[in-house]
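Please read the structure below before turning to the comments.
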Protein chains: 2
Amino acid sequence: MGRRRVSLKDIAKELGVSISTVSRGLKDHYDISPELKKKIKDLAEKWNYTPNPLAMGLLKQKTKTIGVIVPDIVTYFYASIISGIESKATENGYYIVIASSQESIEKEKENVKNLLDLRVDGFIVCLSQSTNSFEHFDEIGDSEIPLVFFDRICRKKEFSSVIIDNVSAAKELTMHLVENGYSNIAHIAGPSHLNISKERIEGYKYGLDQCKLPYREELLEHCDLSIDDAARATNKLLRNHPLPDAIFGVNDTVIFSAMKEIRKRNLKVPDDIALVGFTDEFHATVVEPNLTAVTHPTFEMGREAFSLLLEEIENEVSRDIKQTVLQAKLIPRESSSFKKANKVQ
Amino acid sequence: MGRRRVSLKDIAKELGVSISTVSRGLKDHYDISPELKKKIKDLAEKWNYTPNPLAMGLLKQKTKTIGVIVPDIVTYFYASIISGIESKATENGYYIVIASSQESIEKEKENVKNLLDLRVDGFIVCLSQSTNSFEHFDEIGDSEIPLVFFDRICRKKEFSSVIIDNVSAAKELTMHLVENGYSNIAHIAGPSHLNISKERIEGYKYGLDQCKLPYREELLEHCDLSIDDAARATNKLLRNHPLPDAIFGVNDTVIFSAMKEIRKRNLKVPDDIALVGFTDEFHATVVEPNLTAVTHPTFEMGREAFSLLLEEIENEVSRDIKQTVLQAKLIPRESSSFKKANKVQ
DNA sequence: GTGAAAGCGCTAACAC
DNA sequence: GTGTTAGCGCTTTCAC
C-alpha cells in the first residue's frame with residue numbers, strides 16, 4: 001500500500017520549528033542559523049527525505065515526466081530509440097512514460113489524451129503507420145506543451161523533429177545496387193501518406209535517374225508495413241518478367257518478409273535477387289546473408305530527440321522549431337554483393 | 001511551457017457555485033439538483049476537464065504509475081515483456097515508467113531510488129546481470145510498496161514473481177538433443193548468482209542424467225552474458241577434444257555469439273555442432289539455420305507480472321506473495337536436426 | 001533569523 | 001441541496 005514517506009512537516013515537528021524553516025534550511029536560503037541548518041540537513045538525510053514530486057508538480061506545474069508514443073515497443077528500431085531517450089532523460093532528471101500506438105491512429109489518439117491528462121511536460125512521438133490525419137496533435141500545440149517528432153513526422157513547421165536524410169540515403173542505396181551490377185531494381189514502399197515512404201521513393205527514383213536507368217511503375221509496390229502485406233508485395237514484384245534482380249525495401253520488416261518469400265521460391269540472395277533495406281545494425285548482421293542496409297543512428301536519434309525537447313521545455317519564452325537531420329550510413333554487406341563479385345572475378 | 005488546464009475552480013467560478021459542488025456534480029453525488037448537475041457536466045465536457053492526477057495523487061497517495069526496471073530495453077525479450085506490461089497497465093488506467101539498469105547493479109540501485117522518489121505505486125523488476133546483493137530492495141519492502149520480479153528473481157518468499165520452469169525446460173532441451181543423436185553436449189551458463197543460470201544448469205545435468213550420459217565439467221562454461229564473454233566461452237569449449245557436438249546456451253545473446261564463432265572456424269550448424277538456446281520467437285526464425293529454442297511467452301509474462309502487481313496494489317490488507325510459473329515451449333528447428341535427419345535417411 | 005499564510009487542485013467531513 | 005473547511009506536501013511572500 002505504501003507507507004507515507006517523511007515530509008517537511010515530520011522534520012519540522014521533530015525539530016520544533018516551522019515547515020518553512022525546514023524548507024529553507026534544506027536549500028541554503030538567506031539566513032537560517034548554521035546550526036539549525038545542519039540539524040535540519042542531518043535529520044533529512046537520516047530520515048531519507050526527498051521532496052514529494054506530486055506536491056512539487058502541483059506547485060510548479062511541471063512533472064519532470066515526458067510522454068513517448070511509438071508505433072510499437074518491440075521492434076529493435078523503436079526499442080533502441082527509446083533506450084536513447086531514456087538515457088538522456090535520466091541524465092537530466094526526467095522520467096519517461098511509454099505508450100504504444102500499435103500502429104493504430106485510434107490508439108495514438110488515446111495515448112495523446114492519456115499523457116495529456118497525466119500532465120507530461122513534453123512529448124516525443126513517432127507516427128503510427130495508419131496516421132493520416134493530425135488533428136489530435138492540436139491539443140498539444142494549443143496547450144503549448146513541447147512536442148518532438150522523430151522518423152515518421154508531420155507538420156514540420158509547427159513541431160521540431162529528428163529525422164535522417166531519407167532522400168539521399170535512398171538515392172545512395174539505389175546507386176550502390178547499380179554499381180554492384182544490378183539494373184532491374186524494385187522498391188517496396190510504405191503507405192503513401194508517410195513522409196518516410198515518399199522520401200525514400202523520391203530517393204529511389206533520383207538514384208535510378210542518376211544512373212540513367214528508367215523508373216518503371218511495375219517495379220514499385222506499396223505495402224502497409226505488415227509482414228503479410230510485404231509478402232504480398234514481394235510476390236507481386238516476383239511476377240514481373242524479367243524478374244527484378246534487386247529489391248530495395250522501405251524498412252526491415254519488409255525485407256525480412258521478402259527474404260522468406262524469395263526463399264520459398266528457391267531463389268537465392270544475392271545470387272538471384274539482391275536485397276537491401278533501411279534497417280538497423282542488429283538484425284542485419286544476424287541474418288544470413290548479412291544485409292546491406294542504411295542504418296539509422298537509433299540511440300543517437302533518441303538522445304537528440306530528448307535534447308530538442310528539453311530545450312523547448314526550458315526555453316519557456318521563445319519556442320523555435322528545429323529540425324535535426326542525422327546522417328544515415330550505408331553499410332554494404334553480402335546481400336547485394338553477388339553480381340559485382342562475379343564481375344570482378 | 002504548458003498553459004494551465006481547466007480546474008474545478010474555473011468551472012465553479014463560471015457557474016457561480018462552489019468548488020465542492022462541482023466536484024460532487026461530476027461524480028453523481030447524493031443530491032445536486034439534476035439541472036445543476038447537467039450544467040456542470042456539460043461545461044466540464046466542453047472545457048475538456050480532467051482531474052489533475054498530481055492533485056489526486058497528493059490526496060490519495062496513489063500515482064497510478066508503476067516503475068519497471070529491466071536490464072536493457074533493446075533486447076527483444078525485455079522489449080516484448082515491457083510491451084505486455086504496457087498493454088495490461090493501459091487497460092487498467094496505469095502508466096508505466098521505464099528505467100534501464102544496463103545490467104549494472106549500481107544503475108539498478110539508482111533506478112530503485114529514483115522511482116521510489118517518484119512515488120510509484122508498484123515495481124516490476126528483472127535483476128541486472130551483476131546484481132549479487134539485494135539490500136536495495138529493502139526500502140521497497142519497508143515502504144510496503146508492492147514489487148513483482150520476473151525471470152531473474154530473488155527473495156522468493158518476500159516478493160511475488162513470474163518465471164518459467166527453467167529446470168524442466170532445460171532438461172527437455174537437453175533430452176531433445178540426445179534424442180536427435182547428439183551426445184557430447186556443452187552448456188554455456190550465465191553468472192552463477194542468477195537463478196536462471198543455476199536452474200538451467202540443474203536442468204541440463206538432470207537431462208544428461210535421464211539419458212544416462214555423464215556430466216563432464218569441461219563441457220560447462222560460465223559467462224557474463226555479454227557477446228564478448230560468450231565468444232570467449234564458446235572458444236574455450238571448442239578447444240575440447242573431441243569437439244562438443246552441441247552447445248546449449250543460457251540465452252539468445254550467447255547463442256548468437258557462439259554461432260558467429262563457430263562460423264569463423266568454418267564449422268557448420270547443425271552439421272558439426274548443434275545450437276540450442278533459451279530465446280524468443282523473432283530472432284530464432286530470422287537466423288539461418290532457424291534456431292531450436294525454448295521460447296518464453298514474453299508478452300504474457302509481462303501481462304501476468306502486471307496482474308500480480310495490481311492485485312497487491314489493490315489488496316491493501318493482505319499481501320500474499322504469489323509465484324506464477326508459466327510454461328515455456330520447446331520449438332525444434334533446423335539448428336539441432338542434423339544428426340537425426342542423417343540417421344533417419 | 002523564523003513563523004504564518006496563501007495557493008497549486010482535489011476530496012470529504014462537517015455545517016446549515 | 002449547497003457551501004465551508006481542512007489537509008495532501010511544498011514554496012514563497014509578507015510579517016515581525
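The figures here come from the full heavy-atom set of this structure, side chains too, leaving out hydrogens, waters and symmetry mates. Below, chain A is the first sequence line, B the second, and so on; all start at residue 1.
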Spell out protein contact along nucleotides 11-16 of chain D as letters: B when the base is contacted, S when just the sugar-phosphate is, - when no protein heavy atom is under 4.0 Å; keep the 5' to 3' order.
BBB---
Atom CH2 of B/Trp47 and atom P of C/dG9 are separated, to the nearest Å, by 14 Å
Just to confirm, is there a sub-4.0 Å distance from OP1 or OP2 of D/dG3 to any side-chain nitrogen or oxygen of B/Thr21?
yes
Between C/dT2 (C1') and A/Lys37 (NZ): distance, integer Å
13 Å
Could you check how far CD1 of A/Ile40 sits from C1' of C/dG3, rounded to whole Å?
13 Å
Describe, as an angle rounded to 10 degrees, how the axis at the first end of the helix from C/dG1-D/dC16 to C/dC16-D/dG1 is tilted relative to the axis at the last end, five pairs per end.
60°
Centres of the B/Phe123 and B/Phe149 rings: under 6.0 Å?
no
Under 4.0 Å: is that the gap between some side-chain N or O of B/Lys9 and OP1 or OP2 of C/dG7?
no
Between CG of B/Leu58 and C1' of D/dC10 the distance, given in whole Å, is 8 Å
Would you please name every residue forming a salt bridge (charged side-chain N to carboxylate O under 4.0 Å, His left out) with A/Lys156, sequence neighbours left out?
none
What residues form a side-chain contact (heavy atoms from CB on, under 4.5 Å) with A/Glu103, not counting sequence neighbours?
A/Pro71, A/Ser128, A/Gln129, A/Arg152
Pick base, sugar-phosphate or nothing for A/Leu54, based on heavy-atom distances below 4.0 Å to the nucleic acid.
nothing
What distance separates B/Leu116 CG from A/Asn48 CG, expressed to the nearest 0.5 Å?
8.0 Å
What integer distance in Å separates B/Asp117:CG from D/dC10:P?
12 Å
Knowing that exactly one of A/Thr63, A/Ile85, A/Ile313, A/Thr65 qualifies, which makes a side chain to side chain contact (heavy atoms under 4.5 Å, CB included) with A/Tyr94?
A/Ile313
Distance in angstrom units between B/Ile11 CD1 and D/dT2 P, rounded
16 Å
Can you tell which of A/Tyr78, A/Phe77, A/Phe150, A/Tyr76 makes a ring-ring contact (aromatic ring centres under 6.0 Å, His included) with A/His296?
A/Phe77
Rounding to an integer number of Å, can you tell me how far A/Gln61 CD sits from D/dC10 P?
17 Å
Taking side-chain hydrogen bond (donor to acceptor under 3.5 Å, both in side chains) as the definition, give me every residue that meets it alongside B/Glu110, ordered by chain and number, with sequence neighbours left out.
none
Is it true that, when you exclude A/Lys109 itself, more than 12 heavy atoms of the residues, nucleotides or ligands shown sit nearer than 6.0 Å to its NZ?
yes
Looking for any heavy atom pair under 4.0 Å, which part of the strands does B/Ser18 touch: base, sugar-phosphate only, or nothing?
base
In whole angstroms, the gap separating P of C/dG9 from CG of B/Asn52 amounts to 7 Å
Any pair with a residue in residues 128-138 of chain A that passes salt bridge (charged side-chain N to carboxylate O under 4.0 Å, His left out), sequence neighbours left out, goes on the list, sorted by first then second residue, please.
A/Asp138-A/Arg155
